[in-house]
Amino acid sequence: MPISDITYIACLPVVVLLFYSAPIAIRPILLLLVSYAYYLTFPIAYLPILLGITATAFFGGLVIERYRRSRHFGLLVGALIAACFVPMFCYKLIIPWLTTGLRASADWGLTVDHLPIPVGLSFYTFAAVGYLVDVALGVVAAERQMVKLGLFCGFFASVTQGPIPRADNLADQFKLDGRFDIPRVEQAFREILLGLILKRIFAEAFYGPSQLVYSNLATSSPLEHLVGTIYFAFQVYVDWMGYTLIAVGSARLLGIDLPQGFRQPYLATSSVEFWRSWNATLVDWLHDYVFVPLNSAARSLGSMASIVAMVTTFILLGVWHAAGWGFVVYGVVNGLLVTGSRLTAPGRDRAVSRLGLSKTAVRWWRIGSTFFIHTLVLILVRASSLGQAIAIYSGFLGIFLPPKLTSSPDSGVNVSVGGGFHYISFDYRLLLIAAVVAGDLIARHKLVSFSQVHWVARVALYAIGVAAVAPVMIGSASKAFLYFQF
Amino acid sequence: METSDTLFQLCAKVFDVAPESISDATSPRNMAKWDSLASLALAMTVEEVYAIKLDTTDMMRIRSVGQLRAVLRQKGVLDVIGKRSDESGTIEQVG
């Protein structure tokens with residue numbers, strides 16, 4: 001059951017009531033039972049995997065602390081981390097390999113459709129591995145209460161899609177001794193309502209045209225491929241941000257502060273800024289546990305170390321989506337974009353200064369170009385194979401080059417220019433995109449402080465929000481979250 | 001911690017920001033200029049100033065200025081307020 005489902009939203013007040021009625025001492029076990037009950041709304045076979053990884057992290061942390069001075073300490077930590085990754089490795093690589101035949105296809109033969117991956121597997125695996133590494137580094141002490149570690153890995157609001165919790169605030173996060181606090185509850189309500197609006201209205205509106213275009217690549221025009229991809233870019237953003245807001249709001253209701261994963265990524269002025277603000281808990285995890293050790297190990301290469309480490313980290317981020325050459329290329333391109341952006345930033349800034357260009361104009365140019373570049377790169381994720389993505393790109397080139405130079409008859413993708421818009425109509429969705437951008441600008445520049453808005457206006461706004469989202473939630477089941485499969 | 005803290009000055013110099021904007025809570029998450037290359041530059045500067053070697057686990061521990069301070073203290077090269085233990089030299093002499 002996705003957390004954007006009406007049943008989840010209906011159960012949430014009951015959980016809050018039970019939580020605040022319960023003595024502080026039993027709140028953790030109550031929340032853990034609720035979390036596992038929630039996880040059981042997915043296939044029952046997934047629960048043993050969550051329990052297994054939680055147990056590995058819990059006992060592994062204690063073992064790491066006990067044998068810190070052992071000669072085989074590194075081996076022990078490595079083995080425990082490997083044990084946590086076994087299910088992910090099996091589900092993402094071994095099972096598809098056995099069922100589809102890795103060598104049979106030019107694109108690894110793998111698409112996410114083939115993978116019955118337990119919901120949220122990579123998110124709680126990353127949480128458990130991060131915890132083990134932090135205990136090994138001595139950054140945190142091993143947790144003595146299994147219930148707390150169970151919540152750390154399997155807390156119902158974040159288990160399926162993040163945000164990925166960090167061990168350095170585990171103890172504070174699950175103190176669970178808070179009192180029912182009205183302003184806090186109102187903030188949580190606001191977050192959940194906004195999350196539902198983004199997920200159930202915005203994301204589902206953007207899903208239509210992008211799905212239509214990508215289902216008809218042979219008969220839609222390159223311009224439609226581009227517009228369909230822009231809709232997809234907004235779909236992914238509001239889908240994930242909506243989910244994250246619902247998770248953060250649900251946790252806040254219980255006095256738990258989960259980190260925010262998104263900080264207006266489509267207002268980023270560079271690839272570096274984009275990746276700092278896009279799904280930050282996942283990117284931070286990769287930075288701390290993959291990039292930093294790689295960067296450190298390759299330090300003798302100087303600046304090249306950062307490039308090698310960055311590209312490798314992004315390749316891992318790419319294949320985290322699914323095994324496929326398109327995802328590898330996605331990782332390489334993003335790694336190069338980030339390092340290129342970082343290395344050229346001083347020169348670009350100097351050039352802007354010398355030319356005396358308007359800072360505002362340059363800023364908006366950078367925002368637009370960063371968004372455009374990352375939307376183009378997203379084709380590697382959305383296309384069903386690397387070959388299809390290349391065919392779509394070559395269709396874009398056809399806007400500037402003669403079709404003969406770009407045609408790709410076997411790709412199933414229309415690369416001929418023209419043909420107008422058959423699948424995309426410019427309708428209310430443009431207003432939704434404008435609303436997303438406006439909302440991000442308001443959030444970025446802190447233009448509205450809800451605490452200063454009169455309560456009557458706040459209630460009116462909430463009523464409008466509920467009136468908008470309630471019919472959608474009652475009328476139809478929530479579409480599965482795009483990133484459940486990861 | 002005061003902004004005259006030597007470690008803050010060192011970090012400010014590496015990140016090219018005012019020392020006042022540095023605190024023990026400063027981390028890559030809240031300091032835009034603390035990116036991958038700046039991490040390397042910070043490690044190399046710290047190694048040069050304090051004449052130590054930071055290994056991979058040290059680098060992984062350094063997720064904030066406060067944790068950098070803890071690593072340096074663990075290595076016995078930094079006292080509580082962030083000055084070099086031997087009290088010789090200043091950050092300004094470096095770079």
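Just so it is clear: chains get the letters A, B, ... in the order the sequence lines come, proteins before strands, and each one is counted from 1.
Annotation for F73(A): atom CZ counts as buried by contact number, over 12 foreign heavy atoms lying within 6.0 Å. Applying the 6.0 Å contact sphere to CZ of R66(A) captures no more than 12 heavy atoms from other residues, nucleotides or ligands.
Counting heavy-atom pairs closer than 4.5 Å to chain A, the top residue among Q67(B), M44(B), R29(B) is R29(B). The candidate with the highest count of non-hydrogen atom pairs below 4.5 Å against chain B, out of I307(A), L294(A), D168(A), D134(A), is D134(A). Taking D58(B), L40(B), L54(B) one by one and counting their heavy-atom pairs under 4.5 Å with chain A, the maximum is reached by L40(B). Interface check for chain B: of the options A136(A), S306(A), A309(A), A280(A), the most heavy-atom pairs under 4.5 Å are formed by S306(A). Your options are S39(B), A43(B), P28(B), A32(B), and the one with the most heavy-atom pairs under 4.5 Å with chain A is A32(B).
With a 4.5 Å cut-off on non-hydrogen atoms, D55(B) touches chain A through its backbone but not through its side chain.
Using a 30° and 60° split on the angle between ring planes, F262(A) and W278(A) fall in the perpendicular class, above 60°.
W34(B) approaches R276(A) most closely through the heavy-atom pair O-NH2, 2.7 Å.
Contact annotation: the side chain of L258(A) never approaches that of R252(A) to less than 4.5 Å [non-hydrogen atoms, C-beta and beyond].
Salt-bridge check for R444(A) with E273(A): passed, with a basic side-chain N closer than 4.0 Å to an acidic carboxylate O. Using a cutoff of 4.0 Å between basic side-chain nitrogens and carboxylate oxygens, D284(A) and R63(B) are not scored as salt-bridged.
A donor atom on one side chain and an acceptor atom on the other are not found under 3.5 Å apart for T313(A) and H287(A).
Partners of T281(A) under the side-chain contact (heavy atoms from CB on, under 4.5 Å) rule, at least two apart in sequence or in another chain, are P163(A), I164(A), P259(A), N279(A).
Within residues 334-346 of chain A, the residues that have a heavy atom under 4.5 Å from a heavy atom of chain B are R342(A), L343(A), listed by number.
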